Structures are given as C-alpha cells and as structure tokens.
Novice: 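Structure below; questions to follow.
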Amino acid sequence: MNKKVPRRQLILESLATELEKSPGSRITTAALARANGVSEAALYRHFASKARMFEGLIEFAEESVFARINQIMESEKSTRQRCAKVLYLLLAFADRNPGITRVLLGDALVGEHERLHARVEQFFARVETQFRQILREARMREEAQLDVVDAEQGASLMLALVEGRMQRYLRTRFRASPLADWERQWQLVEPSLFALPDSVPA
C-alpha cells in the first residue's frame with residue numbers, strides 16, 4: 001500500500017511545478033490553490049504565508065544539497081574528485097529542479113520578503129565555504145603534491161561557474177541544461193585549479 005503524501009509536501013511540489021511552467025511570472029496563492037484543487041484558506045492551514053512556502057523550497061534545497069555534499073566529503077578523498085562531484089551535484093540539482101532554481105537565483109522572489117533573499121544568499125555562501133574548505137584541506141591530504149590555486153580565488157571561481165550555468169538555464173527558459181557540455185568545460189577549468197609540480201612554470 002502506497003504511503004499517502006502529506007498535503008504540505010504536495011503544495012511545495014505544486015509550487016515548484018508552477019514556477020517551472022511560468023518562468024519570469026509571479027505565482028499567486030490563488031493560482032497555487034487552483035493547481036492543488038483547494039481553497040486559498042486550505043493553503044494557509046499548512047503555510048502561514050507564501051513566504052513560508054518559498055522557505056519550504058529553500059529548506060528542501062539546503063537539505064538535499066548539503067546532505068549529499070557531506071556524503072561526498074566522507075567517501076571521496078581526492079580533492080579533484082571532491083570539487084568535480086560537488087560541482088556536478090549542484091548543476092544536476094538545478095537541472096532536475098528548475099522551479100527551485102528560480103527561487104535560489106531570486107527570480108521568483110521579486111517583491112517577496114527580504115528574509116527570503118537572505119536565505120538564498122546564505123545558501124550560496126555555504127556552497128562557497130564548502131569549496132574553500134576542500135581547497136584548504138588539499139595540502140593535508142594524500143594528493144598534497146598538487147599545486148592548488150588560492151582557496152579564496154578557487155572557491156569564487158567554482159561558485160561563479162555554478163551560478164553562471166544556473167542563470168543561463170533560467171535565461172533560456174530551461175532549454176539550456178546546466179549540465180550541457182559540462183564535462184568538456186570542466187576539463188578546461190580543472191588545470192587552472194590544480195597542477196602537478198612538474199607542470200608549473202619555473
């Protein structure tokens with residue numbers, strides 16, 4: 001017997017779907033209620049406000065992404081592979097969740113409570129901190145012979161790659177996947193982050 005999905009989760013899934021279907025448009029609680037086949041009053045029984053619904057999507061992104069990053073950090077010891085896998089994780093999450101991508105980039109939050117903008121800024125700040133930590137730990141790990149770029153600059157570059165690909169995904173109305181040609185482009189970027197000593201100019 002299938003377990004019944006909680007109404008709260010269904011509302012958040014519906015909100016994400018509506019955001020994906022109408023890029024660039026604001027989603028009203030009336031439209032969301034229609035999509036769920038309920039009244040607006042029914043929505044507010046589960047969420048005190050639309051801002052709380054957006055917070056629910058941000059929390060889902062935080063829990064999904066950072067739980068998986070923790071798994072990568074525990075299972076992968078190579079700095080190169082850690083960076084590659086975390087980058088791929090972030091791009092794949094955006095690819096699978098276009099509606100939530102709108103929220104994380106602030107596109108769906110125009111005119112919404114400033115608290116929400118602070119939450120998404122915090123999300124990306126945590127991502128950048130994670131990249132910084134990976135690079136700082138490189139010299140203490142088994143591949144310490146690598147010449148690793150400055151942690152601040154490297155973390156900033158990788159975050160810019162992620163945000164840039166997410167922005168392109170949104171700008172193209174979700175036609176240009178953030179994963180498109182990623183493997184080849186990573187091969188171009190990777191040498192700027194890591195180099196073996198004998199490949200570094202004297």
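Note that these values count all heavy atoms, side chains included, but never hydrogens, waters or copies made by symmetry. Predicted model only: the values in this text are computed from it and were never measured.
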Novice: With rounding to the nearest 0.5 angstrom, report the CZ to CG distance, Arg119 to Leu57.
Specialist: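 Rounded to the nearest 0.5 Å, the CZ-CG separation comes out at 11.0 Å.
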
Novice: Looking only at non-hydrogen atoms, find the nearest pair between Ile58 and Leu116 and report the distance.
Specialist: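 Heavy atoms only, the tightest pair is CD1-O, 4.1 Å.
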
Novice: Which atom names give the shortest non-hydrogen contact between Ile100 and Ala61, and what distance separates them?
Specialist: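 Nearest heavy atoms, Ile100 then Ala61: CG2-CB, 4.1 Å.
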
Novice: What is the minimum heavy-atom distance between Ala33 and Leu43, and which atoms define it?
Specialist: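 Of all heavy-atom pairs spanning Ala33 and Leu43, the closest is N-CD1, 3.7 Å.
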
Novice: State whether the number of non-hydrogen atoms from other residues, nucleotides or ligands found under 6.0 Å of Phe124 atom CZ is greater than 12.
Specialist: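 Enclosed: over 12 neighbouring heavy atoms sit under 6.0 Å from CZ of Phe124.
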
Novice: Considering only heavy atoms from C-beta outward, does the side chain of Glu137 approach that of Thr79 to under 4.5 Å?
Specialist: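 They are not in side-chain contact.
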
Novice: Output the distance between atom CD1 (Ile72) and atom CD (Gln81), rounded to the nearest 0.5 Å.
Specialist: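 These two atoms lie 10.5 Å from each other.
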
Novice: How long is the span from the CD atom in Glu62 to the CD atom in Gln122, to the nearest 0.5 Å?
Specialist: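 Output value for this atom pair is 6.0 Å.
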
Novice: If I compare all heavy atoms of Ala155 with all of Leu135, which pair ends up nearest, and what's the gap?
Specialist: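 Looking at all heavy atoms of both residues, the closest pair is N-CD1, 3.7 Å.
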
Novice: Evaluate side chain to side chain contact (heavy atoms under 4.5 Å, CB included) for Phe131 paired with Ile69, printing each intermediate quantity in order.
Specialist: CA-CA 10 Å; Phe131 282 134; Ile69 287 177; over 6 Å; no

Novice: Would you check if Leu89 and Lys85 make a side-chain contact, meaning some heavy-atom pair closer than 4.5 Å?
Specialist: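 No - every pair of side-chain heavy atoms lies 4.5 Å or more apart.
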
Novice: Does any N or O in the side chain of Ser14 come within less than 3.5 Å of the main-chain N or O of Leu10, such that one atom is a donor and the other an acceptor?
Specialist: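 No, Ser14 side chain to Leu10 backbone: no donor-acceptor pair under 3.5 Å.
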
Novice: Is there a side-chain contact between Leu12 and Phe60 (heavy atoms, below 4.5 Å)?
Specialist: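 Result no, sub-4.5 Å side-chain heavy-atom pair not found.
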
Novice: Within the structure provided, determine whether Arg26 and Glu112 are in side-chain contact (heavy-atom separation under 4.5 Å).
Specialist: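 Yes, at least one pair of side-chain atoms sits under 4.5 Å.
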
Novice: Angle between ring planes, Phe174 versus Tyr169, binned at 30° and 60°: parallel, tilted or perpendicular?
Specialist: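 It falls in the perpendicular class, over 60°.
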
Novice: In Å and rounded to the nearest 0.5 Å, what is the NE2 to CG distance from His117 to Leu109?
Specialist: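 Nearest 0.5 Å value for the NE2-CG distance: 5.0 Å.
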
Novice: Please examine the side chains of Arg102 and Leu170, heavy atoms only from C-beta on, and report whether any two atoms are closer than 4.5 Å.
Specialist: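 Side-chain contact under 4.5 Å: yes.
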
Novice: Between Arg8 (side chain only) and His46 (backbone N and O only), is there a donor and an acceptor less than 3.5 Å apart?
Specialist: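 Present.
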
Novice: Restricting to non-hydrogen atoms, name the atom on Pro191 and the atom on Gln187 that form the minimum distance, rounded to 0.1 Å.
Specialist: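 Minimum heavy-atom separation between Pro191 and Gln187: CD-O, 3.0 Å.
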
Novice: Find out if a path of hydrophobic residues (ILVMFWY) with successive side-chain heavy-atom gaps under 4.5 Å connects Leu105 to Phe123.
Specialist: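 Yes, Leu105 connects to Phe123 through the hydrophobic network.
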
Novice: I'd like to know if the side chain of Arg68 pairs up with that of Gln71 as donor and acceptor (distance under 3.5 Å, no hydrogens or angles considered).
Specialist: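 Side-chain D/A pair, Arg68 to Gln71: present.
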
Novice: Do Glu152 and Arg136 have side chains that get closer than 4.5 Å, going by heavy atoms?
Specialist: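 Touching, per the 4.5 Å side-chain cut-off.
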
Novice: Using 0.5 Å steps for rounding, measure from the CD atom of Glu40 to the CZ atom of Arg34.
Specialist: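 So the CD of Glu40 and the CZ of Arg34 are separated by 8.5 Å.
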
Novice: Whether the side chain of Asn70 engages the backbone of Phe66 through a donor-acceptor N/O pair (distance < 3.5 Å, no angle test) should be reported.
Specialist: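 Confirmed, Asn70 side chain pairs with Phe66 backbone.
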
Novice: Show your working on side chain to side chain contact (heavy atoms under 4.5 Å, CB included) between Asn36 and Arg7 and close with a plain yes or no.
Specialist: CA-CA 9 Å; Asn36 279 273; Arg7 172 62 69 179; 4.1 Å; yes

Novice: Got a sec: does the CZ of Arg168 have more than 12 other heavy atoms crowding it under 6.0 Å?
Specialist: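 Counting other residues, nucleotides and ligands, CZ of Arg168 stays at 12 neighbours or fewer.
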
Novice: Taking the side chain as C-beta and beyond, is there a heavy-atom pair between Leu19 and Phe54 under 4.5 Å?
Specialist: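 Yes, at least one pair of side-chain atoms sits under 4.5 Å.
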
Novice: To the nearest 0.5 Å, what is the distance between CZ on Arg132 and CD on Gln153?
Specialist: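 It comes to 10.5 Å.
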
Novice: Using the side chain to side chain contact (heavy atoms under 4.5 Å, CB included) rule, take Val189 and Trp182 through it: C-alpha gap first, then chi angles, then the decisive distance, then the call.
Specialist: CA-CA 10 Å; Val189 174; Trp182 169 245; 5.7 Å; no

Novice: On a heavy-atom basis, which atom in Thr172 and which in Ala176 lie closest, and how many Å separate them?
Specialist: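 Closest approach of Thr172 to Ala176: OG1-N, 3.0 Å.
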
Novice: Please tabulate, one pair per line, all N/O donor-acceptor pairs under 3.5 Å involving side-chain atoms of residues 157-166, not counting sequence neighbours.
Specialist:
unit_1	atom_1	unit_2	atom_2	d
Arg165	NH1	Pro178	O	2.5
Arg165	NH1	Ala180	O	3.1
Arg165	NH2	Ala180	O	3.2
Arg165	NH2	Gln185	OE1	2.8

Novice: What I'd like to find out is whether the side chain of Thr101 reaches to under 4.5 Å of the side chain of Phe93, using heavy atoms alone.
Specialist: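 They are not in side-chain contact.
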
Novice: I'd like to know if Val86 and Phe194 are part of one continuous hydrophobic network [Ile/Leu/Val/Met/Phe/Trp/Tyr, side-chain heavy atoms within less than 4.5 Å].
Specialist: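 Yes, same cluster.
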
Novice: Could you state whether Ile11 and Tyr44 fall into the same hydrophobic cluster, counting links through intermediate Ile, Leu, Val, Met, Phe, Trp or Tyr residues with side-chain heavy atoms under 4.5 angstrom apart?
Specialist: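 Looking at the clustering, Tyr44 is in a separate group from Ile11.
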
